[in-house]
Number of protein chains: 2
Amino acid sequence: MKAKIVHRMATAPEDTRDKLLKAAIQVFSEHGYERATVREISRVAGTNIALVKYHFGDKLELFREVVRYASDADAKLAVLTQARKENADPCEALRQIIRGALERLTARREQTGLQLRLMLKEIANPSNAWIVEIESALRPTYDQFRVVVGQILGLPMGDTKTRLCTHSIIGQVAHYVHARPILSRLWPEMQMSPAQIEMIANHIADFSLAYLQAERAKIPARSAKKVQKKSPRKRT
Amino acid sequence: MKAKIVHRMATAPEDTRDKLLKAAIQVFSEHGYERATVREISRVAGTNIALVKYHFGDKLELFREVVRYASDADAKLAVLTQARKENADPCEALRQIIRGALERLTARREQTGLQLRLMLKEIANPSNAWIVEIESALRPTYDQFRVVVGQILGLPMGDTKTRLCTHSIIGQVAHYVHARPILSRLWPEMQMSPAQIEMIANHIADFSLAYLQAERAKIPARSAKKVQKKSPRKRT
DNA sequence: TAAGACGTTAAACGCATGTTTAAGTTAAGT
DNA sequence: ACTTAACTTAAACATGCGTTTAACGTCTTA
């Protein structure tokens, strides 16, 4: 009837779903699941609110889809594998992984790292509803990281010490992301500039490698042999 | 008119404020500021909802009061000072501090540690509204902790390396609290039992001391002089 | 062209939240 | 006894949320 409503069908139908998905990644990673609202997601996507229900059912399904979508085309695993391929020395690979993760996690406006930031945000505020999706999205990265740490230690990835060290490293990196706001108050000189990010990354690498390499040296059978991954036979 | 409403004035007037405060500590530290509701706080306290407004003004002022109240009568600083007094060796003090913090932070039903848990929960989800209170509540612990780390390193508490190492340790401890739910899925054997808590604490101490002691040894001028605070000299 | 599926829209619904109100009860002061 | 202030109560209010509705436009198909 009234022609004042302008409809634009110029975009393909599937575009709306994608726009919502990308907007959801941004909003979810910025505010977390609870604080994020479907209204803001719709606003960022430039679509109607009801389309969340139409395309995804409800907010929770949209979030689940975001987690799957994010972990699919993600660079998380790529960073890890790339770092491992580029560096024969697992210590250097570790250093590169730490720097890459820290850069992505602290990058504000970048699309890169949104997925990791999203995970980190939700890890602290878990819910039984989506913890399964979070786990399956995190699992590959966690396992690959354990392999790298295990290589340095000369221990299998399932070893308790390997896991403890892995979490020690993850915890250090995550801390600078979690505590960033209060950190800038307790330590005003720390502005998280690119140069400072690199300094932090190198510190975390040095800090961690001090223990890792010392422990490797303690294991006589592996100290000079099984550091590398590509050697034919693995353990003890 | 109708006498079916039973009023109990048995409790002193100030008791209600205290009950609300204690209930608020519990609820806030369990769910965080946003998820916590004044209805649940009132229910836990056994008081009326409107009393939050009467005694504190609104939810935010109640939270601010909780942070101040928690940091006042808190054992956070006591643990630090006690650990430092009991141990002439700052390395042992560090180990004790780590274990104490981890035990408090993971204790579920204890009143002890609620304050620290509250801080940790809010650090990840900051807001300009209460970041000032959080900072002043955290500052003493942060500074004292830096002193201990600085003693081990043989560096002043303001040194960049001291700060980086302090955050490396804090990050490791905080990680096991933040990531606890997803951790139990990625590492099912980790149930956070008291024995495992102690194992983790010792690992974090060993992991951190490997770097701290190696760095102390690198500083020639202080490696044999300024390590200790009380005893005149200390070993490399 | 007619019909139906698909996509979109504005508006409203139901609910939980923080907040406020107006009345009520108790204790102390005079 | 009367007044006043402090404290408490049940109920309502205003808001923002996720969700739903009913109508409408657009495209495909027969």
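What you see is a predicted model; the values in this text were computed from it and never measured. Proteins get letters first, then strands, A, B, ... in listed order; numbering begins at 1 in each. Any value given below was found using the heavy atoms of this structure, including those in side chains, with hydrogens, waters and symmetry copies removed.
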Euclidean distance, atom CG of residue Leu51(B) to atom P of dT8(D) [Å, nearest integer]: 5 Å

OP1 or OP2 of dC7(D) under 4.0 Å from side-chain N/O of Thr16(B): no

Evaluation steps, ring-ring contact (aromatic ring centres under 6.0 Å, His included), between Phe207(B) and His167(A): CA-CA 11 Å; Phe207(B) 191 91; His167(A) 289 294; over 10 Å; no

Length of the CZ-P vector between Phe63(A) and dT19(D), whole Å: 14 Å

Short side-chain donor-acceptor distance under 3.5 Å, Glu86(B) and Gln82(B): yes

Phosphate-side-chain proximity, His55(A) and dC6(C), N/O vs OP1/OP2 below 4.0 Å: no

Atom-to-atom span, OH of Tyr54(A) to C1' of dA10(C) - whole angstrom: 17 Å

Nearest non-hydrogen partners of Arg163(A) and Met157(A), listed with the distance: CG-O, 4.0 Å

d(CZ, Phe56(A); P, dT20(D)) in whole Å: 16 Å

Considering all heavy atoms, the nearest His178(A)-Leu120(A) contact: NE2-O, 3.3 Å

Spacing between Lys19(B) atom NZ and dC7(D) atom P, to the nearest angstrom: 14 Å

Parallel, tilted or perpendicular: ring planes of His203(B) versus Tyr211(A), cut at 30 and 60 degrees: perpendicular

Atom-pair distance (CZ on Arg43(A); C1' on dC17(D)), nearest Å: 15 Å

Protein-to-nucleotide contact annotation, 5' to 3' order, nucleotides 12-21 of chain C [B base; S sugar-phosphate only; - none; under 4.0 Å, heavy atom]: B----BBBBB

Parallel, tilted or perpendicular: ring planes of Tyr33(B) versus Phe63(B), cut at 30 and 60 degrees: perpendicular

